[in-house]
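The next block holds one structure in the form of structure tokens; read it before the comments.
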Amino acid sequence: AQTVTQSQPEMSVQEAETVTLSCTYDTSESDYYLFWYKQPPSRQMILVIRQEAYKQQNATENRFSVNFQKAAKSFSLKISDSQLGDAAMYFCAYRSGRGGNYKLTFGKGTLLTVNP
Amino acid sequence: NAGVTQTPKFQVLKTGQSMTLQCAQDMNHEYMSWYRQDPGMGLRLIHYSVGAGITDQGEVPNGYNVSRSTTEDFPLRLLSAAPSQTSVYFCASSWGLAGGTQYFGPGTRLTVL
């Protein structure tokens with residue numbers, strides 16, 4: 001079974017600075033997808049970024065980028081120019097690319113605080 | 001597009017009561033699922049469906065039933081509520097079965113007294 005580990009329960013960053021959230025996963029599959037979701041106090045789960053395992057290029061979405069290290073099974077999220085609105089719980093998640101296994105496996109989350 | 005909608009947003013039940021949490025999506029997604037979120041536990045899969053008439057169990061299915069009579073709707077039924085079912089419940093859907101990005105509803109906060 002796949003597992004996702006977020007080793008930082010809480011992180012903080014100063015506004016306009018850069019912060020990196022860590023995520024590692026364990027799988028024996030070669031075809032899979034990785035996600036970062038953001039959950040602000042409103043509790044809505046918002047997709048931040050998605051990475052296909054077969055792509056070597058790291059995904060980016062504006063100020064958000066990932067460092068995907070397939071061999072190390074690491075998938076960290078970098079937030080540049082942090083803004084107050086980035087304060088939220090961030091979840092790393094894994095989904096198999098294999099048919100018949102549709103489950104999205106989540107880490108336990110990292111609570112990010114942004115200080116003005 | 002409304003996306004994924006859930007009702008109610010909040011609910012308080014007494015132990016032993018039953019209720020149905022509603023979930024609907026207007027994106028013609030094949031895959032729909034229910035998660036519960038508990039403090040320090042992340043999100044855990046309760047049940048999922050890969051199409052109308054097809055459902056299966058996730059990690060924590062006990063005490064919950066689901067059905068999928070249409071592509072759009074995927075209700076979650078609590079048969080006899082217990083305090084251990086106090087949680088926030090999320091419905092999610094995705095296009096495609098393997099690897100598709102899941103989109104989440106706004107959640108239902110359920111308290112069982």
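Numbered from 1 within each chain, the chains take letters A, B, ... in sequence-line order.
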Worksheet entry | Whether B/Gln6 side chain and B/Tyr89 backbone form a donor-acceptor pair below 3.5 Å |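 Yes, B/Gln6 side chain to B/Tyr89 backbone: donor-acceptor pair under 3.5 Å.
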Worksheet item: What pairs meet the disulfide bond (SG atoms under 2.5 Å apart) rule with one or both residues in residues 36-71 of chain B, with sequence neighbours excluded?
Response: none
Worksheet item: Does anything in residues 24-59 of chain A pair up under disulfide bond (SG atoms under 2.5 Å apart), and if so which pairs, sequence neighbours excluded?
Response: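 Sorted result for residues 24-59 of chain A: empty, none.
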Item to complete: Establish, from distance only, whether the side-chain atoms of A/Arg63 and A/Ser82 form a donor-acceptor pair under 3.5 Å.
Response: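 A/Ser82 and A/Arg63 do not have a side-chain donor-acceptor pair below 3.5 Å.
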Worksheet item: When the ring centroid of B/Phe104 is compared with that of A/Tyr37, is the distance short of 6.0 Å?
Response: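 For B/Phe104 and A/Tyr37, the ring centres are under 6.0 Å apart.
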What part of [X] gets within 4.5 angstrom of chain B, counting heavy atoms only: side chain, backbone, both, or neither?
{"X": "A/Tyr32", "result": "neither"}
{"X": "A/Leu104", "result": "both"}
{"X": "A/Glu52", "result": "neither"}

Worksheet item: At a heavy-atom separation under 4.5 Å, does B/Arg109 approach chain A through its side chain, its backbone, both, or neither?
Response: both
Discussion item. Which atoms of B/Leu43 are under 4.5 Å from chain A, going by heavy atoms: the side chain, the backbone, both sets, or neither?
Written reply: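 For B/Leu43, the contact with chain A is made by backbone and side chain together.
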